[in-house]
J.: 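Structure incoming, see below.
Residue indices begin at 1 and follow the sequence shown.
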Amino acid sequence: MSLPSTNADEATTSFVEMTGPPRPGPTRVLMIHPRFMGGSFWSFEKTSRMYGAEYPMPPLGLATVAAMLPDDWPVRIVDRNIETLSDADIEAADLIMTGGMLPQRADLLHVIDWAHSLGKKVMIGGPDIMSSPDVFAHVDFVVVGEAESVIGEVIAAWRNGAERGRFDAEKFKADVTHSPIPRFELLKREKYLQMTVQYSRGCPFTCEFCDIIELFGRKPRTKTNAQILSELDAIHALGYRGHVNFVDDNLIGNKKAVKQFLPELIRWQEERNYPFDFSTEASLNLADDDDLMAMLSKAGFLGVFIGIESPDDNVLNATKKKQNTKRNIAESVHKVYASGLAVLAGFIVGFDEEKGSVGDAIADLIEEAAIPIAMVGLLYALPETGLTRRLAKEGRLHPPLSMEEALAEGSADQCTQGLNFDTLRPRAEILRDFRTVVARTYDLKAYHRRVRRLADLLRFDHANIDVLRSGFMKNALFVLRLSWVMGITAKEGKRLYWGTLLHAARRDTRSLEAVFLSLAAYTHTGPFSRDVLKAIDAKIASLPFEPATPALAAE
């Protein structure tokens, strides 16, 4: 029997099939975090191993949902990126809960089929399900949207004997101030490079290619100061010391709120002798606010990821990335360095408005701005974005790859699997531009040159010196491992490695933290870039002669 919902104000239920007996007692839940497909820029496995870890970040979403479940439900989390999953693990559970992002889809579907083959009910949620719920219509329970809005309804349906159901949360309405402290104790903390927290959801900007505003809205919703400090307290109480990443898509989306939060975070750090250092993601307009950058630095933030995308104002305006226009991008990055914050940045090749070759212009900007770690990707039309809707309307969007095709490709990474649409420029020309950026950016000498300039440009007038020095001492074993790999046993670059360290030490020993982190990142990004170049060369070689389509070029 299919029953309509009696909805809460913030939730709607598509359907619930009530065909089973009630389940009033405790439910044993196994939460499974699917594997990311191989070949990702963000995997950083080699860098993680330098620290004695196995993977960069834990599944914060699952840990958060675990905290929303009834207290008497036993919960276990298995992350397939760091550990094995067996039939026995699945059979021991009453309910399997899983979900993930687009690069996890292949393994997510595998896990669902695996659990079904063992007769288990599966409940899924997460960003990929929010964007493409129809792909998962065969799953027993599908949660579309933010769990806070619907979790009570989901639990009630399960307890009342529901066999299937779909629960749709009203978009952008979840009250994150009611989000519980994640079950950090369920995570295998020693296996991760860093722990994670989330302060806000949403972003005020309207970038055409970005799905964040489609998933979480343009009005950033923030947790209370006491709430996020309680999460840090929970991590601290478990004995963890080290790096914590604020996984917000734009931490400064609500500047007023974050400026009220940072003084309390600074006080929290000072009272505990700075047990953590932090990183996050922000927009480039961070460089316009000296007070905000100073507070971030004093709070213990070491670095920030910034989406730059392109040096061309025509491209930025057309894609609605207007916050990056009418400014000298390199000078803006240097302002961030002057506050003591290192910058990682994202760049994209393949926009319609690119005129002629753009590869050298992007590589020149990366060099001028002195950004060591640059994520360079091919434009990809993500589900449910303005870009995807426009390309579909123009008849240019390609059908999504089947799972068989995706697995044959061996990667869901934006570095090799972009351009899922008919391009205005010849595809081979775009790929050659992309190849130019990757080759120049991850040339070993060029990389060390940018790391040395980073050391020159960093200033620590506002930074807390103790957190930098304590981080260096805590990571002595990491430094020894890195020096062995890059400075002693490496086939090339040994003199560059020691020269870069000497340069930074002479300039300001406090810059060594950022320098070591940048060099450690190259243990992953260097080999990864070479794999990307091989893949792009193969794609270029496989393409026929492809002149620009006259009608599209005219547009």
Side-chain angles (χ1 to χ4, degrees), residues 31-44 55-62 65 79-81 97-113 122-139 142-147 169 171 196 198 201-203 207-216 247-249 281 305 307 309 346 348 350 375-392 397-421 528 532 535:
M31 292 184 157
I32 302 172
H33 191 51
R35 287 194 189 107
F36 283 87
M37 292 183 73
S40 169
F41 178 89
W42 296 111
S43 59
F44 283 98
Y55 209 71
M57 291 190 291
L60 179 63
L62 290 181
V65 174
D79 182 353
R80 280 173 53 80
N81 296 285
M97 300 182 76
T98 185
M101 297 185 287
L102 181 59
Q104 295 172 279
R105 182 182 290 183
D107 197 53
L108 173 57
L109 290 170
H110 169 67
V111 166
I112 292 167
D113 291 344
V122 178
M123 184 178 294
I124 62 169
D128 192 23
I129 291 80
M130 293 170 72
S131 297
S132 306
D134 292 344
V135 174
F136 304 94
H138 65 293
V139 182
V142 179
V143 178
V144 182
E146 298 169 89
K171 296 181 76 171
T196 53
Q198 184 185 56
R201 294 180 199 163
C203 178
C207 306
E208 183 191 41
F209 52 86
C210 182
D211 63 350
I212 297 305
I213 56 175
E214 307 290 342
L215 298 177
F216 302 115
V247 298
D248 304 47
D249 295 293
E281 182 172 347
F305 178 88
E309 323 312 354
I348 299 175
M375 191 280 172
V376 188
L378 290 165
L379 182 62
Y380 187 92
L382 292 165
E384 299 299 321
T385 60
L387 173 63
T388 296
R389 290 188 289 269
R390 176 171 66 81
L391 292 172
L397 188 66
H398 294 176
L401 291 178
S402 68
M403 276 302 101
E404 292 76 12
E405 291 170 322
L407 290 170
E409 291 278 4
S411 172
D413 191 79
Q414 189 180 354
C415 294
T416 56
Q417 298 307 312
L419 305 183
N420 57 336
F421 55 92
F528 176 75
V532 167

J.: Over all heavy atoms of both residues, which pair between Pro34 and Gly99 is shortest? Give the atoms and the distance, please.
T.: CD-O, 3.0 Å
J.: Please report the shortest heavy-atom distance between Ala381 and Leu387, naming the atom on each side.
T.: CA-CD2, 3.9 Å
J.: Between Phe41 and Phe44, what is the ring plane arrangement, given parallel below 30°, perpendicular above 60°, and tilted in between?
T.: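 Phe41 and Phe44: perpendicular rings.
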J.: Ignoring hydrogens, what is the shortest heavy-atom contact between Met101 and Asp128? Give both atom names and the distance.
T.: C-CB, 3.7 Å
J.: Are the side chains of Trp42 and Met57 in touch, meaning some heavy atoms are under 4.5 Å apart?
T.: no
J.: To the nearest 0.5 Å, how far apart are CZ in Phe36 and CG in Leu102?
T.: 10.5 Å
J.: Any side-chain heavy-atom pair from Glu384 and Met130 closer than 4.5 angstrom?
T.: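 They are not in contact (no side-chain heavy atoms under 4.5 Å apart), so the answer is no.
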J.: Which atoms form the tightest heavy-atom contact between Ile129 and Gly100, and what is the distance?
T.: CD1-N, 4.2 Å
J.: Between Leu109 and His138, is there a side-chain heavy-atom distance shorter than 4.5 Å?
T.: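 Yes, at least one pair of side-chain atoms sits under 4.5 Å.
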J.: Taking only residues two or more places apart in sequence or in another chain, which ones pass side chain to side chain contact (heavy atoms under 4.5 Å, CB included) with Arg35?
T.: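 Residues passing side chain to side chain contact (heavy atoms under 4.5 Å, CB included) with Arg35: Arg80, Asn81, Asp107.
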J.: Let me check something: any side-chain donor-acceptor pairs from residues 207-216 under 3.5 Å, sequence neighbours excluded? List them with distances.
T.:
| residue | atom | partner | partner atom | Å |
| --- | --- | --- | --- | --- |
| Glu208 | OE1 | Arg390 | NH2 | 3.4 |
| Glu208 | OE2 | Arg390 | NE | 2.7 |
| Glu214 | OE2 | Arg389 | NH2 | 3.0 |

J.: Out of curiosity, Ile112 CD1 to Phe136 CZ, how far, rounded to the nearest 0.5 Å?
T.: 6.0 Å
J.: Looking only at non-hydrogen atoms, find the nearest pair between Val122 and Val139 and report the distance.
T.: O-CG1, 3.5 Å
J.: Minimum heavy-atom separation for Met31 to Leu62, with atom names?
T.: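 Here Met31 and Leu62 meet closest at SD-O, 3.3 Å.
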J.: Excluding sequence neighbours, so at least two apart, what forms side-chain hydrogen bond (donor to acceptor under 3.5 Å, both in side chains) with Glu146?
T.: Arg201, Arg221
J.: Report the distance from atom CG of Leu378 to atom CD1 of Ile348, rounding to the nearest 0.5 Å.
T.: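 The CG atom of Leu378 sits 9.5 Å away from the CD1 atom of Ile348.
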J.: Between CG of Asp79 and CD1 of Ile32, what distance do you get to the nearest 0.5 Å?
T.: 11.0 Å
J.: Are Gln198 and Asp248 side-chain neighbours, meaning at least one heavy-atom pair lies under 4.5 Å?
T.: yes
